[in-house]
Each structure stands twice: as structure tokens, then as C-alpha cells.
Amino acid sequence: MVNLQVGAFVGIIIGLILLGAVLGFFISRYVFKRQLQKNPPINENMIRAMFMQMGRKPSESQIRAVMNSMKKNQ
């Protein structure tokens, strides 16, 4: 009888660990999607606005260079 109780205990522990992993995956995916909606990654329009705020008119080559350097450093 004792072996059955230990086996059931171990089975419950393993089940809870698997359940926690699955729930953790879905919760982290939800949080990640929500963060991307609130804070979208930087795009070319944002770089243009940043240059304009600094008082400069950016050329397309400057914008591409900034985008490439950002992609390279991720």
C-alpha cells in the first residue's frame, strides 16, 4: 500500500509541473503580445520623426543605415 501512495504522490507532482509549464507558456505569450501592442518595435517612420525632432532632414540612406545598425545590434 505504501508504494501506491508514493507513486500517486510522484504522479501528482509531475502532473502539476507539466500543468505549470503549459500555463506559464500561455501566460508569457499573452504578456509578450500585449507588450508588443503597447510598445511596437521601432520602424522607419519613428526614425524619421527622431531626425526631424533633432532638426535634421534625413535621407533614405541615413534611415536605412540606422535600421541596419539596430537590426545588427539586437
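All values reported here derive from a predicted model rather than from experimental measurement.
Legend: side-chain hydrogen bond (donor to acceptor under 3.5 Å, both in side chains) pairs involving residues 28-38, not counting sequence neighbours: none detected.
For Arg48, the side chain to side chain contact (heavy atoms under 4.5 Å, CB included) partners at least two apart in sequence or on another chain are Glu44, Asn45, Pro58, Glu60, Ile63.
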Step by step, work out the side chain to side chain contact (heavy atoms under 4.5 Å, CB included) result for Leu18 and Val22.
CA-CA 6 Å; Leu18 290 175; Val22 169; 5.6 Å; no
Would Met70 and Val66 count as a side chain to side chain contact (heavy atoms under 4.5 Å, CB included) here? Give the steps.
CA-CA 6 Å; Met70 290 182 66; Val66 171; 4.1 Å; yes
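Note that CG of Leu23 is 4.5 Å distant from CG of Leu19, once rounded to the nearest 0.5 Å. Atoms CD and CZ, on Gln62 and Phe51 in that order, are 5.0 Å from each other to the nearest 0.5 Å. With rounding to the nearest 0.5 angstrom, the CE atom of Met67 is 8.5 Å from the CD1 atom of Ile42.
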